[in-house]
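Below is one structure; the comments refer to it alone.
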Amino acid sequence: DTYYQANVTGTFNVMKACKKFNVGKVVYSASSSCYGIPDIVPTPESAEIRPQYPYALTKFLGEQIVLHWSNVYRVPSVSLRLFNVYGPRSRTSGTYGAVFGVFLAQKLNKKPFTVVGDGTQTRDFTYVSDVITAMLSAADSQLTGEIINIGSDNTYSVNRLVELLEGEIVYIPKRPGEPDCTWADTKKLQDDTGWSQQVSFEEGVNKVVENIDYWKDAPLWEAENIKEATKTVSSQSSQFNSVYGTAGSSTSITYVTQSGSYKARVQYLRQDEEYFSDSQIDAQLKIKMPAGSVRIKVSGDAHGYLKDAK
């Protein structure tokens with residue numbers, strides 16, 4: 001809801017105000033997360049849109065609002081899809097997120113860096129001052145109604161980042177929905193504005209470390225609380241009719257897990273009432289429901305599927 005209010009409703013209100021007061025140019029900070037897990041790297045602006053989570057979706061919706069106002073109401077606008085921006089004074093509060101904030105807080109607290117997967121995944125880390133010059137170039141250009149990637153024109157592994165930061169490493173499981181590589185195709189930006197990267201990755205990391213005290217109050221993320229903050233909740237729902245049971249009888253559903261043993265919460269609804277039970281799932285979980293139940297949902301850390309009702 002917060003993402004929607006800020007990125008969709010907020011952008012809508014900004015564009016209305018820009019039209020009303022004849023603003024000269026709108027430069028929208030879009031997100032490369034809209035590409036999801038791209039098929040092409042370096043990724044061009046024409047790549048398929050595949051948002052994998054709410055933030056990515058709402059940033060893309062905001063971009064569509066900006067382009068609509070540009071095309072329909074003639075509000076001069078450009079949308080810049082930013083790739084992995086980093087630098088001093090980035091956000092230090094909130095939920096588990098950007099790798100730089102996580103690693104710098106860990107370094108300050110003399111904790112090991114929590115590297116996702118094997119650390120070979122790469123990111124198009126783009127230093128903040130390069131992003132600012134790209135924004136100014138786009139604002140000063142004659143471009144309007146355009147989408148432009150903003151990146152470093154390169155991609156760097158997480159292992160390289162922790163090598164530059166220097167410290168111990170602990171590896172944690174890879175999460176679904178994360179790309180192995182982010183890398184902007186910046187040809188359009190370079191051709192249309194003449195922009196080019198000025199701050200190398202090594203120089204940028206050094207600048208961040210020089211300002212590391214900025215992260216002294218940032219939340220400390222370690223393997224256990226990262227696992228809790230990023231766990232996925234999978235659920236399977238199916239619709240059942242009274243054909244599976246009559247008054248006074250019951251219906252049995254089997255939930256089959258695909259791996260491991262999980263704690264799950266089982267929910268079924270009947271006549272606007274909710275019934276819950278907690279069960280430890282090993283191989284199968286059989287659920288008995290009163291006749292007339294209309295939905296069953298298994299949620300928690302359970303990964304599997306529902307078999308037909310019996």
Side-chain angles (χ1 to χ4, degrees), residues 1-36 38 42-94 97-98 124-153 182 184-199 204:
D1 184 65
T2 300
Y3 288 146
Y4 190 90
Q5 291 300 321
N7 297 331
V8 181
T9 305
T11 302
F12 178 82
N13 291 334
V14 167
M15 295 309 294
K16 285 199 302 181
C18 289
K19 177 178 180 295
K20 179 178 180 179
F21 293 104
N22 296 314
V23 168
K25 188 78 164 281
V26 175
V27 178
Y28 177 70
S29 295
S31 173
S32 62
S33 61
C34 68
Y35 296 123
T43 305
E45 290 86 354
S46 58
E48 185 177 349
I49 301 302
R50 299 173 178 170
Q52 300 289 305
Y53 41 89
Y55 171 81
L57 174 62
T58 57
K59 288 296 290 182
F60 176 69
L61 293 175
E63 178 181 82
Q64 294 305 297
I65 290 170
V66 171
L67 296 177
H68 175 80
W69 252 257
S70 177
N71 295 330
V72 176
Y73 299 111
R74 300 292 183 252
V75 177
S77 309
V78 289
S79 179
L80 308 184
R81 291 178 178 167
L82 310 183
F83 279 70
N84 303 99
V85 183
Y86 74 100
R89 299 176 66 185
S90 63
R91 190 182 69 176
T92 61
S93 62
D124 190 342
F125 293 117
T126 309
Y127 194 70
V128 61
S129 63
D130 282 334
V131 173
I132 296 304
T133 58
M135 287 181 167
L136 292 172
S137 296
D140 292 339
S141 73
Q142 298 301 310
L143 296 171
T144 186
E146 297 281 349
I147 297 168
I148 306 173
N149 285 337
I150 306 296
S152 69
D153 203 28
T182 66
D185 182 336
T186 58
K187 185 177 186 302
K188 182 175 181 179
L189 172 68
Q190 295 172 15
D191 289 349
D192 290 347
T193 70
W195 176 92
S196 63
Q197 179 196 24
Q198 299 299 312
V199 180

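Across all non-hydrogen atoms, the minimal contact from S77 to M15 is OG-CE, 3.7 Å. When every heavy atom of T193 is checked against every heavy atom of S137, the shortest pair comes out as CB-CB, 3.8 Å. Between S70 and T144, the closest heavy-atom pair is OG-OG1, 3.4 Å. Scanning both residues, S152 and Q197, for their nearest heavy atoms gives O-OE1, 3.1 Å. The shortest heavy-atom contact between I65 and V8 is CD1-O, 3.5 Å. The minimum heavy-atom distance between W195 and Q190, with the atom names listed, is O-CG, 3.2 Å.
Side chains of L189 and I150 form a contact here, defined as non-hydrogen atoms less than 4.5 Å apart. In this structure, F12 and H68 have side chains that are not in contact, with every pair of non-hydrogen atoms separated by 4.5 Å or more. Residues E146 and E45 form no side-chain contact, since every pair of their non-hydrogen atoms from C-beta on lies 4.5 Å or further apart. Residues S141 and K25 meet the side-chain proximity criterion, which asks for heavy atoms closer than 4.5 Å. Side-chain contact between P44 and Y35 is absent, with no heavy-atom pair separated by less than 4.5 Å.
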### Message
Does T11 form a side-chain contact (heavy atoms from CB on, under 4.5 Å) with L61? I'd like the steps, not just the answer.
### Response
CA-CA 9 Å; T11 302; L61 293 175; over 6 Å; no
### Task
Apply side-chain contact (heavy atoms from CB on, under 4.5 Å) to Q198 and T133, showing your working.
CA-CA 9 Å; Q198 299 299 312; T133 58; 5.6 Å; no
### From CA spacing to verdict: side-chain hydrogen bond (donor to acceptor under 3.5 Å, both in side chains), N84, T126
CA-CA 6 Å; N84 303 99; T126 309; over 6 Å; no
### Message
Quick one, T43 with S32, criterion side-chain contact (heavy atoms from CB on, under 4.5 Å). Give me CA distance, side-chain angles, the key distance, then yes/no.
### Response
CA-CA 9 Å; T43 305; S32 62; over 6 Å; no
### Message
Checking L80 against V27 for the side-chain contact (heavy atoms from CB on, under 4.5 Å) test, could you report, in this order, the C-alpha distance in whole Å, the side-chain angles of both residues, the deciding distance, and whether it holds?
### Response
CA-CA 7 Å; L80 308 184; V27 178; 3.5 Å; yes
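Classified by interplanar angle (parallel below 30°, tilted 30° to 60°, perpendicular above 60°), the ring pair Y53/Y55 is parallel.
Distance NZ/K16 to OH/Y73: 10.5 Å, rounded to 0.5 Å. S79 OG to I147 CD1: the interatomic distance, rounded to the nearest 0.5 Å, is 5.5 Å.
Partner M135 forms a side chain to side chain contact (heavy atoms under 4.5 Å, CB included) with one of D130, L82, V78 and no other, that one being L82.
Within a 6.0 Å sphere centred on CD of Q142, other residues, nucleotides and ligands contribute 12 heavy atoms or fewer.
Annotation: cation-pi pair K59/Y28 present, NZ/CZ under 6.0 Å from the ring centroid and within 45° of its normal.
A salt bridge does not link D192 to K188: none of the charged nitrogens lies less than 4.0 Å from a carboxylate oxygen.
Looking at N149, its side chain does come within 3.5 Å of a backbone N or O of D185 through a donor-acceptor pair.
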